[in-house]
Engineer: 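Starting off with a structure, shown below.
Please read these numbers as outputs of a predicted model, since none were measured by experiment. Here, residue 1 is the first one in the sequence, and each next residue gets the next number. We use all heavy atoms of the structure for the numbers below, so side chains are in, but hydrogens, waters and symmetry mates are not.
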Amino acid sequence: MHALRDRPPPDVSEKEEGDTGSQLGEDADTLHPSDSVSNRNFHGHAQVHEGPRLNIRTELKKNDAYDELPFSYSKSTKWMILTVIFLIQTSMNFNTSLYSNGLAGISEEFGISLQEARWGAAIFLITYAFGCELWAPWSEEFGRKKVLQTSLFLVNIWSIPVALAPNFATILVGRALGGLSCAGGSVTLGMIADMYEPADQQVAVSYIVFSSVGGSVLGPIIGGFVETYLDWRWCIWIQLLFGGFVQLLHLLFVPETRCTIHLDRIAKKRRESGMAPNLYGPNELCPIRQRFSWKELMRNWGRPFRMFVTEPIVLTLSLLSGFSDALIFMQIQSFVLVYNQWGFSKIQIGLAFVPIGLGYLIAWLSFLPVFKRNKRARDLKPHSEHAQYESRLWWLLWTAPCLPIGLIIFAWTCSGPPIHWIGTMVGSTIIGIANYSIYMATIDYMICAYGPYSASATGGNGWARDFLAGVLTVPATPFFSNIGGKRHLEIANTILFAISLLLVAAIYITYIYGPTLRKKSQYAQKLVKNTTLDEFGHSRPPSRISDRDQLCL
């Protein structure tokens, strides 16, 4: 799998020498094996490990084996891997939404209300939010492939008792365990960091973000046909078939991408060949007990939630992103109420989600030229904080207003005949543009603004999206049914419109006052102290946390 590299290695003088993480990867937030107290001096530089006398152990660094690491894979190899990741991320989000098309069958078979049956959808999303955070440290230590294969296997296994469930309690337990087993973006986005340097990863990130949001609308589109022609249990069997397919693809075509694992293998190979008998990989030099102490795990797992609460930038942008995504899952429940007024069949109601997917596609394509514009701005003003950071939010200034615009259009065209249904679909398309743009731009900004803490910052973003979507799934139908009397659908969506105005305003505040907010952030200030300039004169934050003092935040 080692193809010719498609770019030169970074300057060997970089301070991040020895680490394979980027500003995006989860490894940035986890104590790296080579960052242990015993292995680093107070400057964070690698020290020689001394074993028995005359047996000096040295650590293999990233720059010593750059040609053999995933950074140097060919473009075709990288995009093959990305496409499999795309399908995996799609399948995980597909699982969150297809279940809703089985609500009527579940309600009838087990003698429960539709409202009670919706808990199966909600509990999967809520546990998914926590599952993504719990899997991250393990993928950094044992490798992406092993952990992702384990995650996919468990998700598939827990689908079986749901599909064969003799009672509703079994469904709830199976869905909860399935959600908790989902590694999600904690691993898939980390794989991008394994293959791309920070300056090169925007296009790859946008591709995976598209799969994340796209999977949630693929469920109801396919679900309309399943609900019409098949028993409700097929909603689960189809999830299992899709999950088994992507797991097999991943097993056969995706190599291990975690760079510390590669360095361990390369070092072992060189030792055994006699080339470097005292050369060791980073994980080989640090005992597993040290890497997996309870204190370190709790610190790593707790940081995303701590940043979510204490960092104004993370809190505001995550709430905006979470609210935007929750709208999609609320709409999954409300579309039946809306389109029944025009006499839509189950299949037609499912196809009504196509405009949201179209909005995602439009937004994704619109970002591609924006990345080039952003790069030019950073090149022209290498010493400008605004150019290096807030310029990543520039396109969101234009696309974020699509959220309230789409909501108000949908609100006052969803009352049924004589108004034509096309108005609601125009609104849905505009909402889709906003949802993708908000997710993509907020992740991109937080990756840059928080450097080695970016995995925790974006982890808070992802957690908010899944958690809010899960929490709002159950009350969605009563909300749309009971507010506002005769015009309940219009009033309910107008309330969402008003809330979105407040959240969208936060984008402009962040764009204008971002430097001030970062100066008040303990995480961002730690980052500034360790910032260096790259070969182009650009401000370059460290790609990881280099000492235990920083980890103690």
Engineer: Could you give the distance from CG (D200) to CZ (F71), rounded to the nearest 0.5 Å?
Structural biologist: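 The CG atom of D200 sits 10.0 Å away from the CZ atom of F71.
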Engineer: Taking C-beta and beyond as the side chain, do F497 and F410 meet within less than 4.5 Å on heavy atoms?
Structural biologist: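 Side-chain contact under 4.5 Å: no.
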Engineer: Roughly how far apart are Q89 CD and L82 CG, rounded to 0.5 Å?
Structural biologist: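 Those atoms lie 12.0 Å apart.
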Engineer: Provide the closest heavy-atom pair for D264 versus P282 in the form atom of the first, atom of the second, distance.
Structural biologist: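 Looking at all heavy atoms of both residues, the shortest contact is OD1-N, 3.2 Å.
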Engineer: Are N93 and S216 close enough that a side-chain donor and a side-chain acceptor fall under 3.5 Å?
Structural biologist: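 N93 vs S216: no donor-acceptor pair found between side chains.
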Engineer: If only atom types and distance count, is the side chain of S72 paired as donor or acceptor with the main-chain N or O of Y66 below 3.5 Å?
Structural biologist: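 A pair under 3.5 Å: yes.
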Engineer: Evaluate side chain to side chain contact (heavy atoms under 4.5 Å, CB included) for S437 paired with F367, printing each intermediate quantity in order.
Structural biologist: CA-CA 8 Å; S437 299; F367 266 89; 3.6 Å; yes
Engineer: Hey, does V84 have a side-chain heavy atom less than 4.5 Å from the side chain of V246?
Structural biologist: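 V246 vs V84: side chains apart.
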Engineer: Nearest 0.5 Å please: distance from the CZ atom of R144 over to the NE2 atom of H250.
Structural biologist: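 So the gap between those two atoms works out to 10.5 Å.
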Engineer: Taking the basic N atoms (NZ, or NE/NH1/NH2) and the acidic carboxylate oxygens, is any pair closer than 4.0 Å for E197 and K62?
Structural biologist: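 Here E197 pairs with K62 in a salt bridge, since their nearest N and O are under 4.0 Å apart.
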Engineer: Would you say L60 and R270 make side-chain contact, with heavy atoms under 4.5 Å?
Structural biologist: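 Side chain of L60 against side chain of R270, heavy atoms only: contact under 4.5 Å found.
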Engineer: To the nearest 0.5 Å, what is the distance between CD1 (I81) and CD1 (I192)?
Structural biologist: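 Between atom CD1 of I81 and atom CD1 of I192 there are 11.5 Å.
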Engineer: Spell out, as yes or no, whether a donor-acceptor pair under 3.5 Å connects the side chain of S151 to the backbone of V147.
Structural biologist: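 Looks like no, no N/O pair under 3.5 Å.
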Engineer: Would you check if the side chain of T90 reaches a backbone N or O of F86 as a donor-acceptor pair within less than 3.5 Å?
Structural biologist: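 Checking the backbone N and O of F86 against the side chain of T90, a donor-acceptor pair under 3.5 Å is found.
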Engineer: Measure the spacing between CG of D194 and OG1 of T257 and express it to the nearest 0.5 Å.
Structural biologist: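 Going from CG on D194 over to OG1 on T257, the span is 3.5 Å.
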Engineer: Considering all heavy atoms of both residues, which atom of S206 and which atom of W364 are nearest to each other, and what is their separation?
Structural biologist: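 Looking at all heavy atoms of both residues, the closest pair is OG-NE1, 3.3 Å.
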Engineer: Would you say I85 and I208 make side-chain contact, with heavy atoms under 4.5 Å?
Structural biologist: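 A side-chain contact under 4.5 Å exists here.
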Engineer: With a 4.5 Å cut-off on side-chain heavy atoms, are N435 and R465 touching?
Structural biologist: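 Yes - at least one pair of side-chain heavy atoms lies under 4.5 Å apart.
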Engineer: Identify the two heavy atoms, one from L472 and one from A326, that lie closest to each other, and give their separation to 0.1 Å.
Structural biologist: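 Minimum heavy-atom separation between L472 and A326: CD1-CB, 3.7 Å.
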Engineer: With a 3.5 Å distance limit and no angle check, can you tell me whether E256 reaches the backbone of K145 through a side-chain donor-acceptor pair?
Structural biologist: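 Yes, because the side chain of E256 sits within donor-acceptor range (under 3.5 Å) of the backbone of K145.
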Engineer: Can F308 and L315 be said to form a side chain to side chain contact (heavy atoms under 4.5 Å, CB included), step by step?
Structural biologist: CA-CA 5 Å; F308 180 80; L315 177 63; 3.9 Å; yes
Engineer: Quick one: does any side-chain atom of Y508 pair with a main-chain N or O of L397 as donor and acceptor, under 3.5 Å?
Structural biologist: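 Answer holds: yes.
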Engineer: How far apart are the closest heavy atoms of F94 and I222, and which atoms are they?
Structural biologist: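 Heavy atoms of F94 and I222 come nearest at CE1-CD1, 3.8 Å.
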Engineer: When you compare the side chain of N493 with that of C414, does any pair of heavy atoms fall below 4.5 Å?
Structural biologist: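 Counting from C-beta outward, C414 and N493 do come under 4.5 Å.
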Engineer: So which atom in F323 and which in S500 form the shortest heavy-atom distance, rounded to 0.1 Å?
Structural biologist: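 So the minimum-distance heavy-atom pair works out to CE2-CB, 3.8 Å.
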Engineer: Do you know which two heavy atoms are closest between W398 and C402, and how far apart they sit?
Structural biologist: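 In terms of heavy atoms, the two residues are closest at O-SG, 4.4 Å.
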Engineer: Could you tell me the separation between the OG1 atom of T473 and the CG atom of L468, rounded to the nearest 0.5 Å?
Structural biologist: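 With rounding to 0.5 Å, OG1 (T473) is 10.5 Å from CG (L468).
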Engineer: With heavy-atom distances below 4.5 Å as the criterion, would you say the side chains of N374 and Q202 are in contact?
Structural biologist: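 Result yes, sub-4.5 Å side-chain heavy-atom pair found.
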Engineer: Tell me if a side-chain donor or acceptor on T413 pairs with a main-chain N or O of T424 at a distance below 3.5 Å.
Structural biologist: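 Looks like yes, one N/O pair under 3.5 Å.
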Engineer: Classify the angle between the aromatic ring planes of F130 and W463 as parallel (below 30°), tilted (30 to 60°) or perpendicular (above 60°).
Structural biologist: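 Judged by the thresholds at 30° and 60°, the geometry between F130 and W463 is perpendicular.
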Engineer: Please answer whether the main-chain N or O of S318 pairs with a side-chain N or O of S321 as donor and acceptor at a distance below 3.5 Å.
Structural biologist: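 No.
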Engineer: Does I126 reach the side chain of D466, with side-chain heavy atoms less than 4.5 Å apart?
Structural biologist: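 They are not in contact (no side-chain heavy atoms under 4.5 Å apart), so the answer is no.
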Engineer: Tell me, with the steps shown, if I431 and L407 meet side chain to side chain contact (heavy atoms under 4.5 Å, CB included).
Structural biologist: CA-CA 7 Å; I431 291 171; L407 281 169; 3.9 Å; yes
Engineer: Apply side chain to side chain contact (heavy atoms under 4.5 Å, CB included) to M446 and R392, showing your working.
Structural biologist: CA-CA 10 Å; M446 286 192 284; R392 295 170 184 266; over 6 Å; no
